[in-house]
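Read the numbers this way: they start at 1 and go in the same order the structure lists the ligands and their atoms. Just so we're clear, the structure is a prediction, and the values are computed from it rather than from any experiment.
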Amino acid sequence: MSMTASPDNQVHIRDLSFQLLFSETMVQERVRALGAALTESHAGLNPLFISILSGAFVFASDLIRVFDDDCEVGFVKLSSYKGTRSSGDVQTVMGLEKDLHGRHLVVVEDIVDTGRTLHFFLNHLQEQEPASITTVAFLRKPHAVEFPVPVEHIGFDIEDKFVVGYGLDYDGLGRNLPGVYQLIEG
Ligand code: XMP
Ligand code: MG
C-alpha cells in the first residue's frame, strides 16, 4: 500500500511524510461556518456553485450540503499542478455547459497558491457577464499575492508548505483523507 497511517497523526505517501494540520472535526466546523455565511449572502439567488476539479470536489460537496437553500452545481477542469510545485500555464480543459449570464456564481477552489489558477478563471467567467462572482477557497498560501485575486471566503490560511487531504493530492494519493496534512520537510 502506498498510503499508510501511523498513530502519531502522520501519514506516509510514497516517499513523503505528512503531519496532521487540521483534523476532520476542525475542517467540518469551518465548512459549516462558510456554508452559513453563504446562506446569509446567497439564499434566494439560486447560486451556481462552480467547483474547480479535481481538488475542490470534496470541499464543494460538503459546502453545498451546508448551503441551506436552492442552488445548482457545475464543474470545470483546469490545468493541473505537477508534483509539489505550482507549474506552467493554466488553461481550461473541460468547460461549463451552463449559461452564466445573469447568474450568481460561487467559485469553489481547494487552495490558492500563487493565484494564477483563479486569476485566469475569474477573467474567463467575467466575460460571460454573470450577476455576481463570489470566490471561496478552502486554503490559502501566503504567495497568493503574485496574481492578486479577490477571495471573499477562506477556510484556513496556511504556511507555504505542501499539503494533502480533503481533496488535495500528492501524486494522485491522499484526496480521501478527511483531515489536512502538511509535508514534513527535510
Ligand atoms: P495557483 O498557484 O494557481 O495554485 O494559485 C492553485 C492550484 O495549485 C495546486 N496546489 C496544491 N495542491 N497541495 C496540493 O495538493 C498543495 O499544497 C498545493 N498548493 C497548490 C492546487 O491544485 C490548486 O488548484
Ligand atoms: Mg494536485
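In this model, a donor atom of one side chain and an acceptor atom of the other lie less than 3.5 Å apart for Gln19 and Gln10. Between His12 and Thr4, the side chains place no donor N or O within less than 3.5 Å of an acceptor N or O (distance only, hydrogens not considered). A donor atom on one side chain and an acceptor atom on the other are not found under 3.5 Å apart for Asn9 and Tyr181. Asn176 and Tyr166 share no side-chain donor-acceptor pair at under 3.5 Å.
Counting heavy atoms closer than 4.0 Å to ligand 1, residue Ile52 contributes nothing at all.
The residue from Val164, Leu168, Val163 that puts a heavy atom closest to atom 13 (N) of ligand 1 is Val163. Of the candidates Asp113, Leu139, Ile111, Ile111 brings a heavy atom nearest to atom 23 (C) of ligand 1. Of the listed options Lys141, Glu159, His119, Glu109, Lys141 places a heavy atom closest to atom 17 (O) of ligand 1. The option with the heavy atom closest to atom 15 (O) of ligand 1, from among Val180, Asp169, Asp171, is Asp169. Among Phe162, Tyr170, Phe147, the residue whose heavy atom sits closest to atom 14 (C) of ligand 1 is Phe162.
Shown in contact with Gly115 at under 4.0 Å from a heavy atom are these atoms of ligand 1, numbered in order with element: 1 (P), 2 (O), 5 (O). Annotation for ligand 1: atoms under 4.0 Å from non-hydrogen atoms of Arg116 are 1 (P), 3 (O), 5 (O). Counting atoms of ligand 1 from 1 in the listed order, those under 4.0 Å from a heavy atom of Thr114 are 1 (P), 2 (O), 3 (O), 5 (O).
The side chain to side chain contact (heavy atoms under 4.5 Å, CB included) test applied to Ser54 returns Lys77, Arg175, not counting sequence neighbours.
Salt bridge Lys141/Glu159: absent, no basic N to carboxylate O contact under 4.0 Å.
Criterion: ILVMFWY side-chain heavy atoms under 4.5 Å apart, direct or through other members. Under it, Leu63 and Leu45 are not part of a common hydrophobic cluster.
The shortest heavy-atom distance from Gly55 to ligand 1 is not under 4.0 Å.
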